[in-house]
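Take a look at the structure below.
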Amino acid sequence: MNEGWLALLQQALGLLFSLDPDVWSIVSVSFSVSFAALGITLLPSMILGFLLAFGRFPGRWFVTNLIQTLQSIPTVVIGLLVYLMLTRMGPLGDLKWLFTQKGMILGQMMICAPVLVAMSQAAFTSVDRRAWETSRTLGASWFRAIWTVCRELKVPLLMAIVAGFSRILTEVGCSMMVGGNIADVTRNIPTAIALETSKGDFAQAIALGLVLLILSLVLNFTLGTLRGKAEPRSH
């Protein structure tokens, strides 16, 4: 039993270090789609989170609760919604994005946005409003004042980014439905792991799982380092 697992691990490492084209094509699709979704969603989500934390406008309570509700929707339900939107009879059917990376990006944006908005709102709510008010009183522009607040919250905001990225990088339901799991086109790490495991090709599934594990370790180590630097030291 142990020898079998060791052999699988050796095969998985061999696929990674030999730069197996099938494995790294899957990794490339996964990261390119998820980075694109995160990049497009990041700034609008942070701005909305800031407005919900500092703004006072009608409907603020409703928007906040809507964002909280959207976080709990299963990714497969979001995948179904995007699928229906992108079919020929759907409102976005003319775009012909179904079973393409653009369709996957759209789905991942809908998954990522509520997480980014909610966590950035929580971060902005925790900050001392006087940092914002003082910046504005001293004549700083809106952008400059927001940047000052963001610098105070760099660790919580980075945690929001990591949480949003992790959610879309590891989700399988939406990617499977909208992307179709097409080799070298829309097959990403989670859908490939599900497929290869069902086929009994555990070596490739383990190799792709190791990529996610290593990424998780790097991100957590980076956040831990930043958190340590941000905490005040006792003398």
Side-chain angles (χ1 to χ4, degrees), residues 21-52 57 59 62-121 157 160-199 204 208 211-212 215:
D22 291 335
V23 170
W24 288 102
S25 171
I26 293 167
V27 173
S28 175
V29 169
S30 195
F31 277 80
S32 61
V33 168
S34 295
F35 273 123
L38 179 67
I40 296 171
T41 314
L42 181 58
L43 185 58
S45 297
M46 292 290 183
I47 292 174
L48 180 56
F50 177 85
L51 292 175
L52 291 174
F57 53 88
F62 173 78
V63 175
T64 299
N65 282 273
L66 177 62
I67 294 297
Q68 296 290 340
T69 302
L70 290 176
Q71 285 190 91
S72 63
I73 297 178
T75 59
V76 69
V77 175
I78 295 178
L80 175 61
L81 175 62
V82 177
Y83 182 93
L84 295 174
M85 291 170 58
L86 296 179
T87 55
R88 292 183 179 179
M89 297 179 294
L92 301 178
D94 291 340
L95 295 175
K96 298 181 180 180
W97 283 4
L98 191 61
F99 305 140
T100 67
Q101 291 188 16
K102 291 180 180 179
M104 292 173 67
I105 290 171
L106 177 62
Q108 291 193 5
M109 287 171 59
M110 295 177 65
I111 296 171
C112 184
V115 177
L116 289 175
V117 174
M119 293 191 68
S120 60
Q121 180 186 0
L157 291 179
I161 294 171
V162 170
F165 182 67
S166 298
R167 176 141 165 90
I168 57 178
L169 186 66
T170 57
E171 71 83 23
V172 63
C174 181
S175 294
M176 186 75 78
M177 295 185 67
V178 178
N181 202 20
I182 303 171
D184 299 322
V185 180
T186 59
R187 182 169 297 166
N188 62 8
I189 294 176
T191 60
I193 290 176
L195 175 66
E196 299 306 323
T197 301
S198 66
K199 289 165 51 180
Q204 188 175 105
L208 295 170
V211 173
L212 292 182
L215 175 67

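Keep in mind the model is a prediction, meaning the values are calculated, not measured.
Of all heavy-atom pairs spanning Ser120 and Ser45, the tightest one is OG-O, 3.7 Å. Nearest heavy atoms, Thr186 versus Thr100: CG2-C, 3.7 Å. The two residues Ser34 and Gln108 have their closest heavy-atom pair at OG-OE1, 3.0 Å. In plain terms, the two heavy atoms of Leu208 and Ala192 that are nearest each other are CD1-CB, 3.6 Å. The minimum heavy-atom distance between Leu38 and Cys112, with the atom names listed, is CD1-SG, 3.9 Å. The minimum heavy-atom distance between Arg167 and Gln71, with the atom names listed, is NH2-O, 3.5 Å.
With hydrogens and angles disregarded, a donor-acceptor distance shorter than 3.5 Å links the side chain of Ser198 to the backbone of Leu195. In this structure a side-chain-to-backbone donor-acceptor pair under 3.5 Å is missing from Ser28 to Trp24. Arg187 places a side-chain N or O within donor-acceptor distance of the main-chain N or O of Asn181, the cut-off being under 3.5 Å. Of the possible polar contacts, one joining the Thr69 side chain to the Asn65 backbone as a donor-acceptor pair under 3.5 Å is found.
Interatomic distance, OG1 of Thr197 versus CD of Gln204, reported as 9.5 Å (0.5 Å rounding). In this structure, OG in Ser166 is found 12.5 Å from CD in Glu171, a value given to the nearest 0.5 Å. Expressed to the nearest 0.5 Å, how far CD1 of Ile47 lies from CG of Leu42 amounts to 9.5 Å.
Within 6.0 Å of the CZ atom in Phe57, the count of heavy atoms belonging to other residues, nucleotides or ligands exceeds 12. For Phe31, the CZ atom sits in a packed shell: over 12 heavy atoms of surrounding residues, nucleotides or ligands are nearer than 6.0 Å. Counting heavy atoms of neighbouring residues, nucleotides and ligands inside a 6.0 Å radius, atom CG of Asp94 does not exceed 12 of them.
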- prompt: Can you check side chain to side chain contact (heavy atoms under 4.5 Å, CB included) on Leu169 and Leu215, steps first, answer last?
  reply: CA-CA 11 Å; Leu169 186 66; Leu215 175 67; 3.1 Å; yes

message: The test is side chain to side chain contact (heavy atoms under 4.5 Å, CB included); show your working for Met177 and Val82 and say whether it passes.
response: CA-CA 9 Å; Met177 295 185 67; Val82 177; over 6 Å; no

message: Pair Met110, Leu81 - check side chain to side chain contact (heavy atoms under 4.5 Å, CB included), show working.
response: CA-CA 10 Å; Met110 295 177 65; Leu81 175 62; 3.7 Å; yes

query: side chain to side chain contact (heavy atoms under 4.5 Å, CB included) between Ile168 and Phe35: does it pass, once the steps are laid out?
result: CA-CA 9 Å; Ile168 57 178; Phe35 273 123; over 6 Å; no

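Under the 4.5 Å side-chain criterion, counting only non-hydrogen atoms from C-beta, Ile73 is in contact with Leu70. Side-chain contact between Leu106 and Leu86: present, with at least one pair of heavy atoms (C-beta onward) separated by less than 4.5 Å. In this structure, Pro114 and Ser72 have side chains that are not in contact, with every pair of non-hydrogen atoms separated by 4.5 Å or more. Proximity of Thr87 to Leu98: side-chain heavy atoms (C-beta onward) are separated by under 4.5 Å at one or more points. Residues Val23 and Val211 have side chains not in contact (no heavy-atom distance under 4.5 Å, counting atoms from C-beta outward). For the pair Val185/Val29, no side-chain contact is recorded, criterion being any heavy-atom separation below 4.5 Å from C-beta on. Contact check for Lys102 versus Leu95: no side-chain heavy atoms found under the 4.5 Å cut-off.
Counting only N and O atoms by type, the side chains of Asn188 and Thr191 include a donor and acceptor under 3.5 Å apart.
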